S.K.: 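Sharing a structure with you now.
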Amino acid sequence: MEYSAEIKRMCRVKNGCDAGVSPIPEEGKWIKAKEIKDISGLSHGIGWCAPQQGAAKLTLNVKDGIIQEALVETIGCSGMTHSAAMAVEALQGKTILEAVNTDLVCDAINVAMREIFKQFMYGRSQTAFSENGLPVGSSLDDLGKNLRSQIGTMFGSLEKGPRYLEMTDGYVLHLGLDKNDEVIGYQFVNLGKMMKAIREGVDPKEAYTKAVGTYGRYSEAVKTIDPRKE
């Protein structure tokens, strides 16, 4: 190691105030993290690309510094879905330090990795105070039993008002309006439930019918509209 002339001329003064590494919560334990292997937990990170036309949510389950599972969810950019497919293959088995220095193809996913890395480094994981954390596969719980991302898509204009297009319940078929033309409920088809039934051999028309449901006071509506056409 090289030292400047200024450092060489200085006399030695001992450090007298050093409390050492501050402990952080790691899956129910207080750990003085000094190496990557000291980091464990499950957490989430949100990222966005430079033009902010799309966003990504990244969920990682880390055990002893190694990424055991990864869930990548994207929205707003068609190309990002392909980037997510490549990124999810690159994450498992890497340390989180390796992962934050890996090109995850899309800016949004890279930013999500950066954000989740900071959470892990400061002991801010979702399982910080959960003994032994969560088992591998727990990230899928965020998707629900039909394993579909929780998506909400709404559109509105000053001229024509709001349109609900998709909710966690599913793809919105009709909006229910009251006498004042205000939304009081909606009818939807649960795409995850419908596709599961079709894959199990149920006739598509029957599967569709059984997957249709309503929310709110839809049955009291004096008028219904198709939010994509009317």
Side-chain angles (χ1 to χ4, degrees), residues 42 44-49 52-61 69-89 106 108-109 112 126 134-230:
L42 183 144
H44 315 277
I46 300 296
W48 53 94
C49 57
Q52 299 191 31
Q53 68 182 23
K57 175 190 172 188
L58 177 61
T59 303
L60 299 179
N61 198 349
E69 67 170 316
L71 172 66
V72 185
E73 301 174 81
T74 68
I75 191 169
C77 173
S78 59
M80 197 185 296
T81 61
H82 296 81
S83 299
M86 290 182 277
V88 79
E89 293 191 32
C106 168
I109 304 173
Q126 182 177 316
L134 290 171
V136 176
S138 295
S139 68
L140 293 177
D141 291 343
D142 277 15
L143 301 180
K145 62 182 179 181
N146 291 315
L147 300 185
R148 282 178 56 85
S149 294
Q150 308 296 309
I151 296 175
T153 306
M154 315 298 154
F155 172 77
S157 65
L158 183 61
E159 178 67 20
K160 299 296 183 178
R163 297 294 188 276
Y164 304 172
L165 301 176
E166 187 149 357
M167 295 281 197
T168 297
D169 309 292
Y171 179 98
V172 177
L173 300 171
H174 294 96
L175 298 181
L177 309 180
D178 64 11
K179 62 182 181 180
N180 298 318
D181 284 336
E182 295 180 357
V183 180
I184 59 172
Y186 54 85
Q187 181 190 52
F188 63 88
V189 57
N190 187 311
L191 297 178
K193 182 178 179 180
M194 182 183 75
M195 290 305 301
K196 180 176 182 294
I198 292 174
R199 294 178 68 184
E200 291 175 350
V202 177
D203 178 79
K205 187 174 182 179
E206 181 184 352
Y208 170 82
T209 301
K210 289 184 175 180
V212 171
T214 63
Y215 180 85
R217 296 185 290 120
Y218 184 78
S219 61
E220 300 175 20
V222 299
K223 179 183 179 182
T224 63
I225 65 169
D226 182 335
R228 292 170 174 79
K229 295 181 179 180
E230 299 176 78

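None of the values given here were measured: they were computed from a predicted structure.
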S.K.: Give a yes or no answer on whether the side chain of Gln187 reaches the backbone of Tyr218 with a donor-acceptor pair at less than 3.5 Å.
M.R.: no
S.K.: Is there a donor-acceptor contact under 3.5 Å from the side chain of Asp203 to the main chain of Lys205?
M.R.: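 Answer holds: yes.
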S.K.: What is the minimum heavy-atom distance between Ala112 and Gly45, and which atoms define it?
M.R.: CB-O, 3.7 Å
S.K.: What I'd like to find out is whether the side chain of Val172 reaches to under 4.5 Å of the side chain of Met167, using heavy atoms alone.
M.R.: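 In short, these two side chains touch, coming nearer than 4.5 Å.
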S.K.: Quick check against the 3.5 Å criterion: does Arg163 have a side-chain atom that pairs as donor or acceptor with the backbone of Arg228?
M.R.: no
S.K.: So, taking the atom named OH in Tyr171 and the one named OG1 in Thr153, what distance separates them when rounded to the nearest 0.5 Å?
M.R.: 10.5 Å
S.K.: Taking all atoms of both residues into account, what is the closest heavy-atom pair of Ala84 and Thr74, and its distance?
M.R.: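 So the two residues come closest at CB-CG2, 3.8 Å.
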S.K.: Side chain of Gln150, backbone of Leu143: donor and acceptor closer than 3.5 Å?
M.R.: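 Side chain of Gln150 to backbone of Leu143, a donor-acceptor pair under 3.5 Å: yes, one is there.
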S.K.: Just wondering, do Leu175 and Pro227 contact through their side chains at under 4.5 Å, heavy atoms?
M.R.: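 In contact.
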S.K.: Partners of Gln52 by side-chain contact (heavy atoms from CB on, under 4.5 Å), sequence neighbours excluded?
M.R.: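 Testing Gln52 for side-chain contact (heavy atoms from CB on, under 4.5 Å), a comparison that skips the adjacent residues, returns Trp48.
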S.K.: How close do Thr224 and His174 get, heavy atom to heavy atom, and via which atoms?
M.R.: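 Minimum heavy-atom separation between Thr224 and His174: CB-CB, 4.4 Å.
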S.K.: Would you check, one step at a time, whether the test side-chain contact (heavy atoms from CB on, under 4.5 Å) holds for Met194 with Lys210?
M.R.: CA-CA 8 Å; Met194 182 183 75; Lys210 289 184 175 180; over 6 Å; no
S.K.: Does the side chain of Ile198 come within less than 4.5 Å of Tyr208's, by heavy atoms?
M.R.: no
S.K.: If you round to the nearest 0.5 Å, how far is NE2 of His44 from CG of Leu71?
M.R.: 9.0 Å
S.K.: Just by distance, do the side chain of Asp178 and the backbone of Asn180 share a donor-acceptor pair under 3.5 Å?
M.R.: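 Confirmed, Asp178 side chain pairs with Asn180 backbone.
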S.K.: Does any N or O in the side chain of Gln126 come within less than 3.5 Å of the main-chain N or O of Leu42, such that one atom is a donor and the other an acceptor?
M.R.: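 Flag not set: sc Gln126 to bb Leu42 has no pair under 3.5 Å.
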S.K.: Fit a plane to each ring of Tyr215 and Tyr186, take the angle between them on a 0 to 90° scale, and name the class: parallel (under 30°), tilted (30 to 60°) or perpendicular (over 60°).
M.R.: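 Tyr215 and Tyr186: parallel rings.
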S.K.: Answer yes or no: is there a side-chain heavy-atom contact under 4.5 Å between Leu191 and Arg148?
M.R.: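 Yes. Closest side-chain heavy atoms under 4.5 Å.
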S.K.: Got Leu177 and Val183 here, is their nearest side-chain heavy-atom distance under 4.5 Å?
M.R.: yes
S.K.: Identify the two heavy atoms, one from Pro135 and one from Asn61, that lie closest to each other, and give their separation to 0.1 Å.
M.R.: O-ND2, 3.3 Å
S.K.: If you round to the nearest 0.5 Å, how far is CG of Asp142 from CD of Glu73?
M.R.: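 The CG atom of Asp142 is 6.5 Å from CD of Glu73, to the nearest 0.5 Å.
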S.K.: Go through it in stages, so that I can follow the logic: the residues are Ser83 and Ile109, the test is side-chain contact (heavy atoms from CB on, under 4.5 Å), and I'd like the CA-CA distance, side-chain angles, deciding distance and then a yes or no.
M.R.: CA-CA 8 Å; Ser83 299; Ile109 304 173; 4.1 Å; yes
S.K.: Out of curiosity, His82 NE2 to Cys106 SG, how far, rounded to the nearest 0.5 Å?
M.R.: 12.5 Å
S.K.: What's the shortest heavy-atom distance between Gly54 and Cys77, and which atoms?
M.R.: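 Between these two residues, the closest heavy atoms are CA-CB, 4.3 Å.
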S.K.: Spell out, as yes or no, whether a donor-acceptor pair under 3.5 Å connects the side chain of Asn146 to the backbone of Lys196.
M.R.: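 Judged by distance alone, no pair lies under 3.5 Å.
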S.K.: Check Glu69 against Gly137 and note the closest heavy-atom contact, atom names and distance.
M.R.: OE2-N, 2.7 Å
